[in-house]
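The next block holds one structure in the form of structure tokens; read it before the comments.
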Amino acid sequence: MKETEKAPLRYDFAEAEPRWQKAWEERGCFAAPDIPPPGARKYYVLEMFPYPSGRIHMGHVRNYTLGDVVARYKRARGHLVLHPMGWDAFGLPAENAARERGVHPAAWTYGNIATMRAELKRMGLSIDWSREFATCDPEYYGKQQKLLLDFLRAGLIERKESWLNWDPVDGTVLANEQVIDGRGWRSGAPVEKRKLSQWFLKITAFAPELLSALEGLTRWPERVRLMQANWIGRSEGARLTFPLAEPVDGITGVEVFTTRPDTLFGMSFLAVAAEHPLAAAAAARDPKAAEFVAECRRMGTSEAVIEAAEKRGHDTGFRVVHPFTGREYPVWIANFVLMEYGTGAIFGCPAHDQRDLEFARKYGLPVTPVVLPPGADPASFAIGDEAFTGEGTAFNSDFLDGLDVAAAKRAAIARLEEIGAGRGVVNWRLRDWGISRQRYWGCPIPVIHCEACGVVPVPESDLPVLLPEDVDFSVPGNPLDHHPTWKHVPCPACGRPARRETDTCDTFVDSSWYFARFCSPKAEVPVLRAAADAWLPVDQYIGGIEHAILHLLYSRFFARAMTATGHISLSEPFAGLFTQGMVQHESYKGADGRWLYPTEVEKRPDGTAVHRETGEPVTIGRVEAMSKSKRNTVDPDAIIGRYGADTARWFILSDNPPERDMEWTEAGVAGAFRFTQRVYRMVAGAALPPPGTPVPEGASRDLRRITHRTIAAVTEALETFAFNVAVARLHELANAIEDARDADPAARREAMEAFARLISPMMPHLAEELWTLLRPGTERLLAEEAWPEADAALMAADTVKLAVQVSGKLRATIEVPVGADEAAIFAAAEAEENVIRALGGRPIRKRIHVPGRIVNLVA
RNA sequence: GCGGGCGUGGCGGAACAGGUAGACGCAGCGGACUUAAAAUCCGCUUCCGGUGUCCCGGAGUGCCGGUUCGAUCCCGGCCGCCCGCACCA
């Protein structure tokens with residue numbers, strides 16, 4: 001290009017983005033006080049804080065972009081916005097790094113945080129960084145220990161012996177929910193069952209409330225509420241005891257939970273879990289029983305999936321007595337009975353439970369129907385391959401005969417209670433939350449074990465219980481446990497030598513109350529009450545669907561437990577929840593079958609791909625969630641370096657609705673980048689009158705209409721998380737401004753100023769840059785400006801286009817003045833050549849007019 | 001198995017409250033500019049058909065049917081996909 005020609009106007013994002021980030025910081029644009037001033041309209045936006053794994057990934061970029069759009073938008077709407085960031089910094093990877101590379105977990109973690117903080121800052125997020133903390137900061141976990149002591153005092157923590165999932169690779173206990181398909185959720189190793197003494201948070205104490213309060217969470221996705229309801233799993237039924245015909249090892253009876261007490265007369269066996277005491281008793285006597293129990297334990301749940309259909313059991317030879325009939329039934333050990341659910345024992349009624357039926361058929365146990373389907377003949381009704389689980393009438397059931405299922409349940413429970421054999425109960429699937437981890441890099445549980453005094457809480461004046469820094473990772477097991485001195489302390493009660501608890505907390509504990517700590521992150525107490533009362537609940541929480549159950553349920557529990565212990569007054573921590581989809585990418589395989597990074601692959605115009613260096617053909621695989629193993633990842637930092645943060649943000653928002661999975665494509669980013677350059681040229685190249693120049697009355701109505709309609713549409717879209725729609729509307733506005741080169745300059749200024757304001761939540765740096773072009777020398781940053789208001793009068797049109805249908809089929813469109821009377825509209829419609837042709841001389845039987853939309857002439 | 005969701009061009013998707021289906025973008029095609037390319041700009045782009053300059057007709061939102069003047073939207077029945085829970089007694 002020759003020098004004399006107009007130089008291309010180029011937006012230098014690499015220069016501009018850091019400059020604006022600095023300007024926001026210097027002006028303190030995003031700082032929020034612990035205690036909002038009176039009359040402030042608060043809005044608390046929170047994204048799930050990251051685990052400091054080393055580098056940020058595209059999932060983070062998406063998550064924090066979504067939150068930042070909300071935060072910036074709400075701020076422009078006049079809210080006082082709290083938008084903090086922190087680090088979910090305890091956890092196993094730090095210890096793995098210590099073992100593998102000899103770097104201390106703290107050094108590894110804080111090093112990663114420094115890297116990731118810098119990466120996040122490059123995104124231009126409107127975060128109040130003065131509130132930042134990491135859960136591994138002693139200032140944070142010390143406050144958490146205070147909470148745990150209060151919970152202990154309030155009876156919300158207890159120590160229990162129980163069967164637990166043991167991860168042999170991680171050498172730690174897992175919560176049931178951390179076991180996925182019988183494998184540890186982190187290690188992937190098959191989980192074993194062990195009996196250990198552990199600390200539990202009594203989440204079950206809040207089960208009824210955690211369930212019922214879901215109804216009020218109207219700004220949560222329905223499916224998350226449903227998943228939580230299923231997880232809590234309320235079911236009504238009866239607990240009853242079957243006396244053993246002969247006591248075994250002092251056990252005189254077996255307690256059973258059932259939701260179908262109405263089918264008690266259809267019993268044909270009793271079955272217990274492999275971990276049940278009666279199974280142990282059987283195993284002690286009978287090697288074959290022992291073998292079966294061992295097999296069940298080995299099997300865990302993972303093998304169960306493989307052998308899903310296979311119901312297996314072992315007859316113990318023990319017999320129980322039916323409380324109603326006095327008849328005796330065999331006691332089996334069965335692989336499908338769970339020790340963790342109900343009482344670990346069931347009575348089997350094969351006629352009306354599919355699993356029991358399969359079991360009975362396999363072992364030749366009797367099948368007696370006791371519920372008669374409507375219209376069936378009691379004399380001939382029999383069970384085939386399918387158990388009957390529907391509504392019906394009790395029969396073969398003595399005093400229950402003739403009752404429907406619900407009435408029979410009530411009657412059976414009443415009789416059980418009358419004879420003292422059982423009672424009606426509500427059973428919950430939810431179990432208490434085991435928080436003990438035999439790990440170093442976690443929050444120490446602040447108690448001391450004394451031989452004389454038992455469990456003694458650490459005095460609050462001794463908090464925080466700090467992790468020792470000199471730890472040895474060369475031996476397996478818990479470094480805290482084999483630290484030479486750390487655990488040896490005098491008992492706070494009696495002063496004699498005692499032992500510190502060496503278990504640390506599940507990291508889900510850390511993330512269960514960080515939302516509250518953010519309100520007053522420097523406070524000497526866990527939460528400054530006034531700050532929490534003012535800021536909580538979180539108005540909009542944003543994160544991945546993978547936390548739909550655990551993290552959110554635990555946080556809901558913490559809100560209640562902290563309320564019960566006086567720290568806050570809150571039931572629900574998150575008033576609004578948005579769950580984003582994953583970021584996906586095509587995967588690539590080289591000629592040798594190895595996965596290739598997108599940066600190693602060159603796409604050809606014909607849709608094929610080759611290796612960038614070797615030129616060898618590349619197989620294009622499925623589009624799937626970015627993962628290191630498939631190497632289908634894109635490094636956010638590289639993208640930001642190449643295109644800028646605004647481009648990355650804009651593409652992420654434009655691709656599709658944020659709740660769905662999105663596909664990251666090189667072409668998509670490039671398109672977003674072109675748009676940033678285009679709008680910069682548009683504004684920079686425009687000849688505009690001075691700011692504040694009024695638009696002459698009646699001038700450039702079309703452009704002004706689009707401007708104001710876009711303001712309304714983008715506002716609506718941002719309110720409803722329809723960010724992709726907001727992007728589309730802004731494309732349209734940009735197109736309209738470019739097309740309207742000859743429009744009134746003041747109207748063009750109005751349009752461009754609206755444009756800059758409307759893109760500011762999504763592309764904040766570019767928006768600031770446009771703003772200085774539009775308002776040279778302005779004192780105020782766009783980040784400090786208010787959201788534009790749509791003028792309804794300017795949105796309105798003089799004429800309206802109507803679709804004209806003949807018998808429901810589109811035949812023409814007519815343009816009529818707004819408010820034209822119906823007769824004139826019908827006349828215009830019927831005068832259309834195409835309409836006349838379509839009518840073909842037939843008389844019009846019916847005329848329909850929907851103002852502003854359609855005319856339908858029915859022939 | 002139970003529960004929930006989804007299905008619209010080559011692709012991502014849009015469509016107020018039952019009212020012109022396919023906005024906007026990506027990709028593609030054609031053209032302008034250029035020695036050439038990149039960049040940029042202009043145009044076309046659901047499918048089929050008709051002597052497609054302006055145009056007209058038909059089909060069309062997974063499939064079949066229904067309600068309605070009119071259905072992507074409501075109802076019934078299928079098919080497919082996705083997610084959650086899964087021996088839950």
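Note on naming: letters A, B, ... go to the chains in the order of the sequence lines (proteins, then strands), and numbering restarts at 1 for each one.
Listed by residue number, the members of residues 233-242 of chain A with any heavy atom below 4.0 angstrom from RNA chain B form an empty set.
Atom P of rA15(B) sits at a distance of 15 Å from the matching atom of rC73(B), rounded to the whole Å. For rG84(B) and rG9(B), the P atoms lie 26 Å apart once the distance is rounded to whole Å. Of the C1' atoms belonging to rG22(B) and rA14(B), the separation is 8 Å, rounded to the nearest Å.
Of the charged side-chain nitrogens involved, none lies within less than 4.0 Å of a carboxylate oxygen, so that Arg681(A) and Glu738(A) do not count as a salt-bridged pair. The pair Glu358(A)-Arg361(A) does not count as a salt bridge, with every side-chain nitrogen at least 4.0 angstrom from each carboxylate oxygen.
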Check nucleotides 80-83 of chain B for protein N or O atoms closer than 3.5 Å to its own N or O atoms and list the pairs.
unit_1  : atom_1 : unit_2    : atom_2 : d
rC83(B) : O2'    : Arg223(A) : NH1    : 3.4

Return all side-chain donor-acceptor pairs below 3.5 angstrom for residues 802-813 of chain A, not counting sequence neighbours, or 'none' if the list is empty.
unit_1    : atom_1 : unit_2    : atom_2 : d
Ser807(A) : OG     : Ala859(A) : N      : 3.3

**OP:** Kindly indicate, with the supporting measurements, whether the criterion side-chain contact (heavy atoms from CB on, under 4.5 Å) is fulfilled by Ile711(A) and Leu758(A).
**Re:** CA-CA 7 Å; Ile711(A) 293 170; Leu758(A) 293 174; 4.0 Å; yes
Subject >> Verdict with reasoning, Leu264(A) to Phe324(A), per side-chain contact (heavy atoms from CB on, under 4.5 Å) >> reply: CA-CA 8 Å; Leu264(A) 269 165; Phe324(A) 290 159; 3.7 Å; yes
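Taking for each of Asn735(A) and Tyr341(A) the nucleotide of RNA chain B with the nearest heavy atom, the 5'-most of the two is the partner of Asn735(A). Along RNA chain B, the nucleotide closest to Ala670(A) and the one closest to Arg355(A) are compared, and the more 5′ of them pairs with Ala670(A).
Contacts classified as salt bridge (charged side-chain N to carboxylate O under 4.0 Å, His left out) and involving residues 254-271 of chain A (residues at least two apart or in different chains) are given here: Arg239(A)-Glu255(A), Arg260(A)-Asp262(A). Within the structure, the salt bridge (charged side-chain N to carboxylate O under 4.0 Å, His left out) test picks out the following pairs touching residues 649-661 of chain A (sequence neighbours left out): Asp68(A)-Arg649(A).
The salt bridge (charged side-chain N to carboxylate O under 4.0 Å, His left out) search around Arg847(A) returns Glu830(A), not counting sequence neighbours. With sequence neighbours excluded, the residues that form a side chain to side chain donor-acceptor pair (under 3.5 Å) with Asn834(A) are Arg837(A). A search for side chain to side chain donor-acceptor pair (under 3.5 Å) contacts involving Asp353(A) returns Arg355(A), not counting sequence neighbours. A search for salt bridge (charged side-chain N to carboxylate O under 4.0 Å, His left out) contacts involving Glu822(A) returns nothing, not counting sequence neighbours. For the side chain to side chain donor-acceptor pair (under 3.5 Å) test, no residue two or more places apart in sequence or in another chain qualifies with Tyr329(A).
Taking CH2 of Trp220(A) as the reference point, atom CG of Leu226(A) lies at 13.0 Å (rounded to 0.5 Å).
As judged by a 4.0 angstrom heavy-atom cut-off over every strand, Asn834(A) is placed among residues touching the sugar-phosphate backbone only. If you check every strand for non-hydrogen atoms under 4.0 Å, Val804(A) touches nothing.
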Original post:
In the 5'-to-3' direction, what one-character label does each nucleotide of nucleotides 13-22 of chain B receive under the scheme B = base within less than 4.0 Å of a protein heavy atom, S = sugar-phosphate only, - = no such atom?
Top reply: SS-B--BB--
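A close approach under 4.0 Å does occur between a side-chain nitrogen or oxygen of Arg811(A) and OP1 or OP2 of rG57(B). Phosphate proximity of rU40(B) to Arg10(A): absent, as no side-chain N or O sits under 4.0 Å from OP1 or OP2.
Put simply, the side chain of Tyr588(A) reaches to within 4.5 Å of the side chain of Ile620(A), judged on heavy atoms.
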Subject >> Bracket notation of RNA chain B in which parentheses pair within the strand, [ ] cross earlier pairs, and | pairs with another strand (Watson-Crick or G-U, under 3.5 Å) >> reply: (((((((..(((......[....))).(((((.......))))).(((((....)))))..(((((..]....))))))))))))....
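rG76(B) shows a glycosidic angle more than 90° from 0 and is accordingly assigned anti.
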